[in-house]
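When reading the values below, keep in mind they use all heavy atoms of this one structure, side chains included, and skip hydrogens, waters and symmetry mates. Position 1 is the first residue of the sequence; numbering continues from there. Note that ligands are numbered from 1 as they come in the structure, with each ligand's atoms numbered from 1 the same way.
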Amino acid sequence: MVRTPEGFKAAFDQIRDGGWTAIDVAEEFGGQGLPYLMHTAANEPMVSANMALNMYQGLTHGAYTAIKIHGTDAQKACWLPKLGSCEWTGTMNLTEPHCGTDLGLMRTKAVPQEDGTYRISGQKIFISAGEHDMAENIVHLVLAKIPGGPEGIKGVSLFVVPKMLVNEDVSLGARNGVACGALEDKMGIHGNATCVMNYDEAEGYLLGEAHKGMRAMFTMMNEARLGVGLQGWAQSEAAYQNALAYAKDRLQGRAVTGTKNPAGPADPLIVHPDIRRSLMDQKSFNEAARAFTYWGASMIDRSHKMGDAQAEAMISLLTPIIKGFLTDKGFEMCVQAQQIFGGHGYIEDGACRNSCEMPELR
Ligand SMILES: Cc1cc2nc3c(=O)[nH]c(=O)nc-3n(C[C@H](O)[C@H](O)[C@H](O)COP(=O)(O)OP(=O)(O)OC[C@H]3O[C@@H](n4cnc5c(N)ncnc54)[C@H](O)[C@@H]3O)c2cc1C
């Protein structure tokens, strides 16, 4: 059993109960049917507040979208209401110990059964939210190869593999043959369980067409990558807000243009030109990144809701840029914000500790 940090379950319950996970979930599956753009905007403060916690619902949303676009009517009816509400959570399983970028090397196999299901066997690593104690079922979307299919990436198919099998009336059945083998010991994001997942003849259901798994998985990955881009600047926004408050509060030196705080022993940091430059750098990046991400989300809406092929081509091209640029630059902005705290930026106390501390998984 993987236990999430104290308070995670209560916070997740509040997010679920408030309907925050289902803003753009279709009304027929219990959501509000609003644009994905609205979901993206609502996500920002949650990611700034606790990125690790928000990843559980972010991956679930990606699984929801992949099934909504590529699933059969029966699959949609089975999985979407509970994924939309986050009563069940979702994951994406691509990476294996010997293959990350080059997924054509994948070894996980899916053996067809007479009843139309598949038996999935293999090991996936680095699986975000792979196991935890906040939902009674976890729906894994797993890439695997059907024996006898094309070589390399063209032989990869996508499967729905639940932790708990689901009965026809959508009640939970027996435990499926999938288990978390270990937690990755990461440098950060300790509040999100990054898991080694072992599949041992687990029951799985083909999602979309056989051997077209990458196409279906890209629906989920594109959303996940836009979400990672948002993480880059949502962290930068949190760092900026902390740095701004500190710069207004901390008294050091006098302004070059004359005393600004005659009642105090010194002026606040924010009077110094280089501090102002740094804060403005951060603020302008955050605002532009927010606009870029919203634009990306609106392209996803146009593609998914209006069938706009040009928007689909545009977002496919720019998704890696949104992810790569906004995370690299967001990190740089966090370092700039950290510098405003001076030496205190490197010490776990005061304002920095309160804003950055992330509980460990126990
Ligand atoms: C915190 C975290 C969460 C994750 N969550 C998930 C998840 O939920 N599901 C999942 O499936 N995976 C997940 N991953 C795995 C992630 O997607 C992989 O780490 C990523 O795909 C890279 O694979 P790799 O680590 O095997 O690196 P490799 O593929 O071994 O690549 C190593 C380096 O070589 C570079 N490289 C590789 N090929 C080329 C090339 N042709 N040209 C130039 N450079 C190249 C890569 O960019 C990289 O810098 C997660 C990883 C982390 C760290």
* Enumerate the atoms of ligand 1 whose separation from the nearest heavy atom of Gly100 is less than 4.0 angstrom. => 21 (O), 23 (O), 24 (P), 26 (O), 29 (O)

* To do: Check whether any N or O atom of Ile127, backbone or side chain, sits under 3.5 Å from an N or O atom of ligand 1, and answer yes or no.
  => no

* **Distance-only N or O hit between ligand 1 and Ile189, under 3.5 Å** => no

* Asked: Got an N/O contact under 3.5 Å between Thr194 and ligand 1?
  -> no

* Asked: Which of the numbered atoms in ligand 1 are below 4.0 angstrom from a heavy atom of Lys186?
  -> 1 (C)

* With side chain to side chain contact (heavy atoms under 4.5 Å, CB included) as the test, would you mind laying out the steps for Leu143 and Ser157 before giving the verdict? => CA-CA 6 Å; Leu143 286 177; Ser157 306; over 6 Å; no

* Return a yes/no value for Ser128: is any of its N or O atoms, backbone included, closer than 3.5 angstrom to an N or O of ligand 1? => yes

* Do any nitrogen or oxygen atoms of Met92 lie less than 3.5 angstrom from nitrogen or oxygen atoms of ligand 1? -> yes

* Arg175, CZ: over 12 other non-hydrogen atoms inside 6.0 angstrom -> yes

* To do: Return yes if a side-chain donor-acceptor contact under 3.5 Å exists between Glu332 and Gln336, otherwise no.
  => no

* Asked: So, for Met220 and Ala66, which heavy atoms are closest and what is the spacing to 0.1 Å?
  -> CB-CB, 4.1 Å

* Can we call the ring centroids of Tyr56 and His132 under 6.0 Å apart? -> yes

* Parallel, tilted or perpendicular for His61 and Tyr64, by the 30°/60° rule? -> tilted

